[in-house]
Amino acid sequence: MSEAGEGSGIAFGDDWKEVGLRVGIEIHQQLNTHKLFCSCSSDMKGEPVLFTVRRRQHPVPSELGEYDVSALYEELRGRSFVYHVAGGESCLVELDEEPPHPINQEALQAALTIAQAFNSWVFDELHVMRKTITDGSNTGAFQRTIMVSMGGYIDAMTADGEVKVPLEGINLEEDAANILWRRGQEVGYGLSRLGIPLVEIGTEVMELSPQAVADVAKGIGLTLRGTGLVKRGLGTIRQDVNVSVRHGKRVEVKGVQDLRSMASVIWGEARRQLDLIKLSQLDLADSVELAQGTVRIKGGARLAETPLGPGSFKREIEDFARAFSSGVEFSTDAQDLVIKTPLGLGEKMRERVAQLLSGPSEETRAVVSGALTTYTRPLPGGARLYPETDLPPIQVKRPPTTQVKPYWVTITELKNRFSLTEDEAEDLFTSPYLGVVLQAASETSIPPPYIASVALGTLKSLSREGIDLDSLRPWMLLETFRLVGTGFPKEGVEELLRLASSQRVARPEDVRSIAASLTAGVDLQAVVADVIARNRELIKKKGMDSYSALMGEVMRVARGKVDGKKISETLKRALEEATSKGETDELRLRDRSWR
């Protein structure tokens, strides 16, 4: 496989082994329930906005008396934050004006189930911790997190073959507030996302190809969706990757939303670190000077356009200044590169330039586009975690250990049983109606491919019409399949589901009542007889070849009200009788003429 990372000249092949590539991934997946420490909705509509609150945040030492390096960095940025409070989706808990409520038991049980799905060992007692975060994404400058389990693994089918990847464990935590806007030194956040429960799953270090790493991430996502306990849609799952190369440093790249670009992002960061290692061999780190807000790199006149992975040395400097809402000016003076910085940023810029010239550093970056990333802050340390004193320890009953079938084995079974493509099988595996599909295939004589087509095709068609599938409960779909198994026309299934969903029926009898109303008032024998009578000339001319045209006329009246197979059989019998009678009449006329 050979493909180039964006602007990096990176070759996709076995080069990852030569450079000592090591990657870990963190998956953050929202759970499909209300918020973790209050009863607010997790719908994230973001409206109506009732009011806004403005705050600033400052770092404080941990219980060990240490400051977290990332918190100190955020303090230097001097930003203030404006929080938008939406009715029904945020309350005093999100504003950190009220203690957290008891933990959402539904979310806790979901986390325990997910831990079991990944064969992860669940703790008997869980402790809620606070993790210092001062970038404004949490109103109280901390995020509540719970270590639910330790260890576990994911069996994944990848570009490198089948692999078994160990996991660090599974955490249950609050999601952060989402950025709405940026204006200079102010950032606007919405509180609708803050506090939504999510599970964080981290892998151990993998020495795999970038594409194989992306395949592992896909496998974790499929396994999560296969539980039926997680949210679906854009922004409900986020992937972070930790990348290092031989003689490099661990760098966390956040916000890898598209799995299709994950391999490129990994290669891009690997190339950036390799280029920084090469740059450090020029021994220019000690040649960086600061005078009157101007950073000078002696002998570095040609550095600006030096490639660093998909980006360049110049872009790294510009990105760093942008983090402080500032800009810089570049110029050369003889053999020197001169960087003019705004007042107050000079010393931090000198440190950053010297850091880049010394090689890779531990830091956090964010995806810009394709393989290109940008600097966001230093990599947080262990000094930012401390106990949550407002909540007691949580006693849990560890679920019984069971062997969970790898996701790709189940997908292969679905593909074969329901005659699906690989993508269709993955969609069915992650469908909330998978249980109904399997039950219908076992209970009824309906062909499995048809059952799958309803779950994958008909329901999508209804969704595109604007039908709220959340109101279509699984038992309603199962009752529909049972009706089809006893003779309800397949052509009427879409209309039956449309009506059952819109009427929000509460009992199986209600579904059967709608089905009866759809099939009432059609006398199939009379409809067929009328079509035959009106088309005698066509039948006389074409005989049985007129079947298709006649079938179209009958279906216009009986579609969705009588089973298509029954219509076909009834019409064929009537047409055979009509053509047979026509041949008999013609023989009689010939006999009279001969006489």
Which heavy atom of Leu222 sits nearest to which heavy atom of Phe429, and what is that distance?
O-CE2, 3.2 Å
Is any side-chain heavy atom of Tyr83 closer than 4.5 Å to one of Leu194?
no
Sub-4.5 Å side-chain heavy-atom contact between Asp240 and Val256
no
Distance in Å, Cys40 SG paired with Leu191 CG, rounded so as to fall on 0.5 Å steps
10.0 Å
Would you call Asn242 and Val251 a side-chain contact if the rule is heavy atoms closer than 4.5 Å?
no
What orientation do His84 and Trp181 show, parallel under 30°, tilted 30 to 60°, or perpendicular over 60°?
perpendicular
Between Trp121 and Phe123, how do the two ring planes meet: parallel, tilted or perpendicular, split at 30° and 60°?
perpendicular
Do you know the tightest heavy-atom contact between Leu21 and Ala270?
CD1-CB, 4.0 Å
Salt bridge between Asp275 and Arg272, side-chain N to carboxylate O under 4.0 Å?
no
Who passes salt bridge (Lys or Arg N to Asp or Glu O under 4.0 Å) against Arg350, sequence neighbours left out?
Glu347
Answer yes or no: is there an ion pair linking Glu18 with Arg246, defined by an N-O contact shorter than 4.0 Å?
no
Any donor-acceptor pair under 3.5 Å linking the side chain of Thr376 with the backbone of Thr364?
yes
Just distance, no hydrogens or angles: give the donor-acceptor pairs under 3.5 Å from side chains in residues 223-230, sequence neighbours left out.
unit_1: Thr223; atom_1: OG1; unit_2: Gly219; atom_2: O; d: 2.8
unit_1: Thr227; atom_1: OG1; unit_2: Leu224; atom_2: O; d: 2.6
unit_1: Thr227; atom_1: OG1; unit_2: Leu229; atom_2: N; d: 3.3

So, Glu125 and Gln395: side-chain donor and acceptor under 3.5 Å apart, yes or no?
yes
Between Ile266 and Val213, is the side-chain contact (heavy atoms from CB on, under 4.5 Å) condition met? List the steps.
CA-CA 9 Å; Ile266 293 170; Val213 172; 3.7 Å; yes
Are Arg182 and Ile179 packed together at the side-chain level, in the sense that at least one heavy-atom pair is separated by less than 4.5 angstrom?
yes
Which residue pairs pass the salt bridge (charged side-chain N to carboxylate O under 4.0 Å, His left out) test when at least one of the two sits in residues 205-217, sequence neighbours left out?
Arg22-Glu207
Salt bridge or not between Glu329 and Lys314? Use side-chain N to carboxylate O under 4.0 Å.
no
With sequence neighbours left out, what residues match Lys348 under salt bridge (Lys or Arg N to Asp or Glu O under 4.0 Å)?
Glu351
Counting only N and O atoms by type, is there a donor-acceptor contact under 3.5 Å from the side chain of Asp336 to the main-chain atoms of Val338?
no
Please test Gln30 against Asp175 for side-chain contact (heavy atoms from CB on, under 4.5 Å), starting from the C-alpha separation and ending with a verdict.
CA-CA 8 Å; Gln30 291 180 352; Asp175 206 343; 2.8 Å; yes
If we only count heavy atoms from C-beta on, is the Leu172 to Pro197 side-chain gap below 4.5 Å?
yes
Cys38 to His101 - nearest heavy-atom pair and separation
CA-ND1, 3.8 Å
Residues that Lys218 engages under salt bridge (Lys or Arg N to Asp or Glu O under 4.0 Å), provided they are two or more places apart
Glu426
Okay, side chain of Gln239, backbone of Met262: is any donor-acceptor separation there less than 3.5 Å?
no
Which heavy atom of Pro166 sits nearest to which heavy atom of Lys164, and what is that distance?
CD-O, 3.6 Å
How about Ile154 and Tyr407: do any of their side-chain heavy atoms sit closer than 4.5 Å?
yes
According to salt bridge (Lys or Arg N to Asp or Glu O under 4.0 Å), who are the partners of Glu252, at least two apart in sequence or on a separate chain?
Lys254
Given Gln143 and Thr145, is the side chain to side chain donor-acceptor pair (under 3.5 Å) satisfied, shown in steps?
CA-CA 6 Å; Gln143 175 191 45; Thr145 182; 5.6 Å; no
Thr139 side-chain N/O to Glu94 backbone N/O, donor-acceptor pair under 3.5 Å:
yes
One should read off an interatomic distance between Leu36 CG and Leu108 CG, to the nearest 0.5 angstrom, of 8.5 Å
Examine distances only and state if a side-chain atom of Ser137 and a backbone atom of Asp135 form a donor-acceptor pair shorter than 3.5 Å.
no
Nearest-0.5 Å distance that lies between atom CG in Leu279 and atom CZ in Phe313
6.5 Å
Exercise: identify the closest heavy-atom pair between Met206 and Thr203
CE-OG1, 3.5 Å
Checking Lys131, Arg130, Lys35 against Glu173 for salt bridge (Lys or Arg N to Asp or Glu O under 4.0 Å), the one that qualifies is Lys131
Salt bridge Lys249-Glu362, side-chain N to carboxylate O under 4.0 Å:
no
Using only atom types and a distance under 3.5 Å, with no angle test, would you say the side chain of Arg232 pairs donor to acceptor with the backbone of Thr430?
yes
Would the distance check show the side chain of Ser312 and the main-chain N or O of Leu308 forming a donor-acceptor pair, the cut-off being under 3.5 Å?
no
Arg144 to Phe37 six-membered ring, cation-pi geometry met (6.0 Å, 45°):
yes
Between Thr33 and Lys231, a side-chain donor and acceptor under 3.5 Å
no
If you define the side chain from C-beta out and look only at heavy atoms, does anything of Met349 sit under 4.5 Å from Val328?
yes
Gln57 side-chain N/O to Gly140 backbone N/O, donor-acceptor pair under 3.5 Å
no
Take Glu26 and Glu200 through the test side-chain contact (heavy atoms from CB on, under 4.5 Å) and record every step on the way to the result.
CA-CA 7 Å; Glu26 296 175 9; Glu200 178 189 52; 3.5 Å; yes
Give, for atom CG of Asn138 and atom OG1 of Thr132, the distance between the pair rounded to the nearest 0.5 Å.
10.0 Å
Can you find a pair of side-chain heavy atoms, one from Thr158 and one from Leu208, that are under 4.5 Å apart?
no
For Tyr375, does the six-membered ring have the charged nitrogen or CZ of Arg352 within the cation-pi criterion, i.e. under 6.0 angstrom from the centroid and within 45° of the normal?
yes
Side-chain H-bond candidate by donor/acceptor type, Asp160 with Ser209, under 3.5 Å
yes
Determine the minimum heavy-atom distance between Ser90 and Val85, stating which atoms define it.
OG-CG1, 3.4 Å
Met150 vs Ile170, test: side-chain contact (heavy atoms from CB on, under 4.5 Å). Steps then yes/no.
CA-CA 7 Å; Met150 178 177 64; Ile170 294 173; over 6 Å; no
